[in-house]
Amino acid sequence: MFWKPLPIGVDNFENLIKNNYYFVDKTLFIRELLDMKGEVNLFTRPRRFGKTLNMSMLRCFFEKGNEDPSVLFSGTKIMEAGGQYLSHLGRYPVISLSLKSMKQPSRELSLAMLKRAVGEEFSRHWPAVLESGRLTEAALERYLRIRDLKGSDADYADALKYLSECLHTCLDEKVVILIDEYDVPLENAWFHGFYNDILFPVRSLFESALKTNENMAFAVVTGCLRISRESIFTGLNNLKIMSITDDSYSEYFGFTQQEVDQMLDFYGLSENTETVRQWYDGYCFGNTEVYNPWSVINYVSSCRKNRNALPKPYWSNTSSNDIVRTLVERSDLSVRQEIETLIGGGSITKPIHEDITYEDMDSTQDHLWNFLFFAGYLKKIREFQEEETIYIEMAIPNREVRYIYKNTVLRWFEEKTGKKKLSPLYDSILNGDSEKTAEILSENLMETISFYDYQESYYHGFLAGMLKNIGNYIVLSNRESGNGRPDIVLKYPSVRGKAVIIEIKVAKSCQELGQKCEEALKQIEVKNYEAELLREGYQDIMKYGVAFYKKECMVKLG
């Protein structure tokens, strides 16, 4: 079968079309944009949901240039939409700026990358500006200062507005302004501690270009999170915001069910529909259910040689999971219970606040849940209003995102355990103090987050994690001994030292803890778990039955 290449990492529309990649036609996005006539349109969607490709498509459609753009759009849906839309084809000068390069560890480097991105856009338009011969000598001098990265801070503060003035003057047409990844510098600066130092230069750049700019036809801005007007769009009363809660434009970011079915059918993978649904579906934009396009494309590509390729968490390998990590690290008991509920397939209900800032993330846990929702780590089940407040019932969208939560929790627990002084636990085990052992384990259980619904595997992992740094002892897990596999074995490297056998059981109630401890100890004897240790020469062998019920623990020494 002919295998059409899939556009993995291809976010340039011209390259996608000219190189004959598989193309999911989103060109009617242009029709809706023109119909709605928004002056400044802000679209917020999670990372890797097609924002940059759509912005590249808009540039290719609207930009006035030397090549005929109709060639790129031949056979697409927009070409059949009518003359009122095609009249905008190749009509405008387009300013296209991405702020993704501002994801840097310092304020200085971040601002340097902003100036470089602006300078590159000035360079891109330089031939048309020079050819027109319409700018004054003073205007050209400032243009070149910005282009060559020699301008002052004042030059760059309103550089986009100035570029729009120049292009309008030189090309006799108002300018379309496209700003992609507008919130990357703000998110990055928040996590690195220089938020306010970045906020003001970015705000100045945006406001000057987007507010009462008579040289602008319209603008499109995209990002992951919606940032309040007070934070970055102060006084911008012409801003029209389309977040993931809005029905408008809901099908143009991400893949719809029909688009995924068509792709799977094209590649002969229709039998994999359920796998793709479980792993990559579940997002709800407005009332439209969509799939993660990045993950679907990567999964289909993985099936080229093996039609039964295992699904992988492709999105988790590309997006920053700092928001999830922040939630886990700051979680109190109630939040940990909510995380357990989510990972277990349940839902939580939270008030929704769309006009928030990164600074708000520190104020309440509700704001942090909001960030997770808008960033794609939670999906909407339903929404309702009580008095003035809108509430959204949220859940984890699919198995891929659940993997992110699980991995984040595991890393957090490992790091937290690594910082703890666990010598009292180790001493209590080696000294036969079962009551102290149970007390310490119960205390630590209260701080954990379970994602196995309190199955034995969860407690096994928890206890193994607590014991992995037990000084000079070797920790063995599920190693064959006697007639079975004891859950955990600790042994001193020398047979003159101690060895410990630990068997774990899960109770159905607090009252059953004691009984389960006895069952564990009996299993150690019946299955002769000490046989291998005796064969090695150990004489001092301790045996523990450990029983768990939710966050409670009981330990008995045999």
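As a basis for the values below, the full set of heavy atoms in this structure was taken, side chains included, without hydrogen atoms, waters or symmetry mates.
Nearest heavy-atom pair, Ile396 versus Arg402, reported as atom, atom and distance to 0.1 Å: CG2-N, 3.6 Å. Contact between Thr275 and Pro311 at its shortest, heavy atoms only, is CG2-CG, 3.7 Å.
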Glu274 and Arg277: salt bridge (Lys or Arg N to Asp or Glu O under 4.0 Å), yes or no, with the steps? CA-CA 5 Å; Glu274 183 60 20; Arg277 186 193 66 78; 2.4 Å; yes
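Checking Phe285, Phe29, Tyr283 one by one against Phe253, the ring-ring contact (aromatic ring centres under 6.0 Å, His included) holds for a single residue, Phe29.
Side-chain atoms of Tyr549 and Gln511 form no donor-acceptor pair, as typed in the model, at a separation below 3.5 Å. No hydrogens or angles considered: a donor-acceptor pair under 3.5 Å links the side chains of Glu519 and Gln515. Side chains of Asn398 and Asp281: a donor-acceptor N/O pair is absent below 3.5 angstrom, by distance only. For Ser347 and Glu393, the side-chain atoms include at least one donor-acceptor pair closer than 3.5 Å.
By the salt bridge (charged side-chain N to carboxylate O under 4.0 Å, His left out) test, Lys543 pairs with Glu525, Glu530, sequence neighbours left out. When the salt bridge (charged side-chain N to carboxylate O under 4.0 Å, His left out) test is applied to Glu386, no partner is found at least two apart in sequence or on another chain.
Between Tyr267 and Tyr22, the distance from one ring center to the other falls under 6.0 angstrom.
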Side-chain donor-acceptor distances from residues 296-304 under 3.5 Å, at least two apart:
residue, atom, partner, partner atom, Å
Asn298, ND2, Trp294, O, 2.8
Tyr299, OH, Asn272, ND2, 2.9
Ser302, OG, Tyr299, O, 2.6

